[in-house]
Amino acid sequence: MMNIFVSKLSYKTNNDSLVKAFEIYGTVMSANIILDKVTGRSKGFGFVEMEKDEDAKQAIQKLHNSELDGNQIVVKQAEPRRM
């Protein structure tokens with residue numbers, strides 16, 4: 001399973017539209033747009049987990065610098081969280 005970082009998201013983008021963009025390339029295990037705790041509004045980035053690494057790599061290659069809901073998005077493999 002691979003975790004993918006997606007940034008420069010439109011405020012119109014929601015978890016479902018993120019899943020739809022990625023599921024073309026394989027099974028999406030989860031999609032989570034990060035929300036501001038005070039306003040509840042998107043922070044403009046999120047994460048997608050895909051079942052197979054090869055599908056995730058293809059999604060990264062195809063979706064990086066593509067347009068989603070009017071914004072050109074950045075897509076790359078997420079780095080492990082630092083503690």
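The model shown is predicted, which means the values in this text are computed figures rather than measured ones. Starting from 1, each residue takes its place in the sequence as its number.
The distance from the CD atom of Glu49 to the CG atom of Asn32 is 9.5 Å, given to the nearest 0.5 Å. The CZ atom of Phe5 lies 9.0 Å from the CD1 atom of Ile34; values are rounded to the nearest 0.5 Å. With rounding to the nearest 0.5 Å, the separation of CG in Asn3 from OG in Ser30 is 7.0 Å. To the nearest 0.5 Å, atoms CD (Glu54) and OH (Tyr25) are separated by 15.5 Å. We find the NZ-OG distance between Lys12 and Ser42 to be 12.5 Å, quoted to the nearest 0.5 Å. Remark: Arg41 CZ to Leu35 CG distance equals 11.5 Å, nearest 0.5 Å.
Of the possible donor and acceptor atoms, one in the side chain of Asn15 sits under 3.5 Å from a partner among the backbone N and O of Ile33. Judged purely by atom type and a 3.5 angstrom limit, Asn71 has no side-chain atom pairing as donor or acceptor with the backbone of Ile73. For the pair His64 (side chain) and Val75 (backbone), a donor-acceptor distance under 3.5 Å is present.
Smallest separation of non-hydrogen atoms from Ala21 and Leu63: O-CD1, 3.7 Å. Looking at every heavy atom in both residues, Leu9 comes nearest to Gly46 through CD1-N, 3.9 Å. A pairwise comparison of heavy atoms in Asn14 and Asp16 identifies OD1-N, 3.0 Å as the closest pair. Taking all atoms of both residues into account, the shortest heavy-atom contact from Ala31 to Val19 is CB-CG2, 3.5 Å. What you find for Met50 and Met1 is that their closest heavy atoms are O-CG, 3.2 Å.
Here the rule is side chain to side chain contact (heavy atoms under 4.5 Å, CB included) with Glu23, and of Asp55, Val48, Val28 only Val28 fits it.
Annotation: side chain of Leu68 is not in contact with side chain of Ser10 (no heavy-atom distance under 4.5 Å). Between Gln77 and Met2 the shortest side-chain heavy-atom distance falls below 4.5 Å.
Linking ILVMFWY side-chain heavy atoms closer than 4.5 Å, directly or via other members, places Ile24 and Ile60 in a single hydrophobic cluster. In terms of hydrophobic clustering, with Ile, Leu, Val, Met, Phe, Trp and Tyr side chains grouped at heavy-atom distances under 4.5 Å, Phe45 and Ile4 are assigned to different clusters.
Evaluation of the salt bridge (charged side-chain N to carboxylate O under 4.0 Å, His left out) rule for Glu79 yields Arg82 as partners, not counting sequence neighbours.
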Full working for side-chain contact (heavy atoms from CB on, under 4.5 Å) between Met29 and Glu51: CA-CA 6 Å; Met29 303 304 289; Glu51 183 177 43; 3.7 Å; yes
